There are 2 protein chains.
Amino acid sequence: MAQSQELAELIRLHRKVAKLSRVQLAELAEVGKTVIYNIEHGKESVQLDTLQKILNVLNIKIVLTSPLMEDLQNTENEKG
Amino acid sequence: MAQSQELAELIRLHRKVAKLSRVQLAELAEVGKTVIYNIEHGKESVQLDTLQKILNVLNIKIVLTSPLMEDLQNTENEKG
DNA sequence: AAAATAATGCCGTTATAGCAGTAATTTATT
DNA sequence: AATAAATTACTGCTATAACGGCATTATTTT
């Protein structure tokens, strides 16, 4: 996934496009403003659930993929 | 993304398929075994970077998507 | 089936993520 | 261009994620 720097800019970009200040985003996401500050300053060490709250507000989805999951997906579709 | 329960089973499934014990996975991922134990027991509160280490070993990718990103992607491809 | 080996479960401790508050800086208003 | 308003930066504090160690349970070997 995104390196810390990328995550930082991803969040920042989405926040800016949404015309939100950090405090506003923090309030909407129901997290402290420090988290957003930290993330945007390249700190990769964020709780998954905290990040999720922020991503939800910004309409960003986390998708997990793997060869195994794709295989299972395919097998699922081939049944018949 | 996956709820905690789903993440738990996602990790467990991949670990099992890879024939790894928690301790082995922990060592490969260079994290404590407690983290894996916690995740597999449905604890959503995990550090992103810690989770990343585990997912790397299990060959699971985190992908972030959003309408905005897709728009930018499209605009990028339409240049010409 | 006993012994040995391995895996899982759980606990006390420690480092730190996330918190609210305040200072500094930037932007908007008159 | 002052003043006000808003945003960002930084700080000390607290709750807890992650750690290793030990106990328990499961699996394998003889």
Side-chain angles (χ1 to χ4, degrees), chain A residues 1-69 72, chain B residues 1-69 72:
Chain A
M1 202 226 14
Q3 296 304 322
S4 61
Q5 198 58 18
E6 297 173 36
L7 182 64
E9 276 158 35
L10 182 80
I11 298 285
R12 178 168 232 130
L13 173 64
H14 281 75
R15 179 170 68 79
K16 287 299 181 186
V17 169
K19 303 263 189 198
L20 294 172
S21 73
R22 287 191 190 142
V23 173
Q24 286 175 317
L25 176 53
E27 280 167 358
L28 288 171
E30 296 182 307
V31 302
K33 58 200 154 72
T34 311
V35 188
I36 294 160
Y37 173 83
N38 286 341
I39 294 175
E40 290 192 2
H41 281 250
K43 197 171 188 179
E44 184 85 343
S45 46
V46 188
Q47 297 288 339
L48 179 61
D49 51 357
T50 302
L51 179 63
Q52 291 249 52
K53 289 183 192 170
I54 297 166
L55 297 183
N56 280 344
V57 173
L58 298 175
N59 203 18
I60 302 172
K61 245 199 281 189
I62 297 182
V63 181
L64 298 182
T65 65
S66 76
L68 176 56
M69 288 170 79
L72 292 177
Chain B
M1 198 221 23
Q3 296 304 322
S4 62
Q5 198 58 18
E6 298 173 36
L7 183 64
E9 276 158 37
L10 182 80
I11 298 285
R12 179 169 233 130
L13 173 65
H14 281 76
R15 180 170 67 79
K16 288 298 182 188
V17 169
K19 303 261 189 201
L20 294 171
S21 74
R22 288 192 190 141
V23 174
Q24 286 175 316
L25 176 54
E27 280 167 359
L28 288 171
E30 295 182 308
V31 301
K33 59 193 155 72
T34 310
V35 188
I36 294 159
Y37 173 82
N38 285 342
I39 294 175
E40 290 192 1
H41 281 250
K43 198 172 189 179
E44 184 85 341
S45 46
V46 188
Q47 297 288 338
L48 178 62
D49 52 357
T50 302
L51 180 63
Q52 291 250 50
K53 289 182 192 170
I54 296 166
L55 296 182
N56 281 344
V57 173
L58 297 175
N59 204 19
I60 302 172
K61 246 199 282 190
I62 297 182
V63 181
L64 299 181
T65 64
S66 75
L68 176 56
M69 288 170 80
L72 293 176

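Every chain is numbered from 1, with letters handed out A, B, ... down the list of sequences. Since the structure is predicted, the reported quantities are computational estimates derived from the model, not experimental observations.
Here the side chain of B/E40 pairs no donor or acceptor atom with the backbone of B/A8 at under 3.5 angstrom. Using a distance-only test at 3.5 Å, with no hydrogens or angles considered, no donor-acceptor pair links the side chain of A/R22 to the main chain of A/K33. A donor-acceptor contact shorter than 3.5 Å links the side chain of B/Q24 to the backbone of B/S21.
Here the P atom of nucleotide D/dA17 and the OH atom of B/Y37 are 14 Å apart, to the nearest Å. The nearest whole Å value for the distance from the CD1 atom in B/I36 to the P atom in D/dA18 is 11 Å. The distance between atom CZ of A/R22 and atom C1' of D/dA5, rounded to the nearest whole Å, is 18 Å. Residue B/E27 contributes atom CD, which lies 12 Å from atom P of D/dC19 at whole-angstrom precision. One atom, CG of A/L25, and another, C1' of D/dA9, lie 17 Å apart when rounded to the nearest Å. As a whole-Å value, the separation of A/I39 CD1 from D/dC10 P is 17 Å. In this structure, NZ of A/K33 is placed 13 Å from P of D/dT7, rounded to the nearest angstrom. Atom-to-atom, CD of B/Q47 to C1' of D/dC19 comes out at 13 Å; the value is rounded to the nearest Å.
Using a 4.0 Å heavy-atom cutoff across all strands shown, A/K19 reaches no nucleic acid atom at all. Within 4.0 Å (heavy atoms only), A/T34 reaches at least one base atom of the nucleic acid. If you check every strand for non-hydrogen atoms under 4.0 Å, A/V23 touches a base. At the heavy-atom level, A/R12 lies nowhere under 4.0 Å from the strands shown.
At least one side-chain heavy atom of B/I62 sits less than 4.5 Å from a side-chain heavy atom of B/Q52. Within the 4.5 Å cutoff, the side chain of B/I39 has no heavy atoms near those of the B/R12 side chain. Side-chain contact between A/L28 and A/I54 is absent, with no heavy-atom pair separated by less than 4.5 Å. For the pair B/V23/B/I36, no side-chain contact is recorded, criterion being any heavy-atom separation below 4.5 Å from C-beta on. At least one side-chain heavy atom of A/L68 sits under 4.5 Å from a side-chain heavy atom of B/H14.
Summary for the helix from C/dA1-D/dT30 to C/dT30-D/dA1: the axes at its two ends, each from 5 pairs, differ by 50° when rounded to the nearest 10 degrees.
When the nearest nucleotides of DNA chain C are assigned to B/L20 and A/D49 by heavy-atom distance, the more 5′-ward of the two goes with B/L20.
Considering only side-chain N and O atoms, A/S21 lies nowhere under 4.0 angstrom from the phosphate OP1 or OP2 of D/dA6.
The closest side-chain donor-acceptor pair between B/E44 and A/Q47, if any, does not fall under 3.5 angstrom.
Between chain A and DNA chain C, the heavy-atom contact criterion of under 4.0 Å yields a 5' to 3' nucleotide range of C/dA17 to C/dT22.
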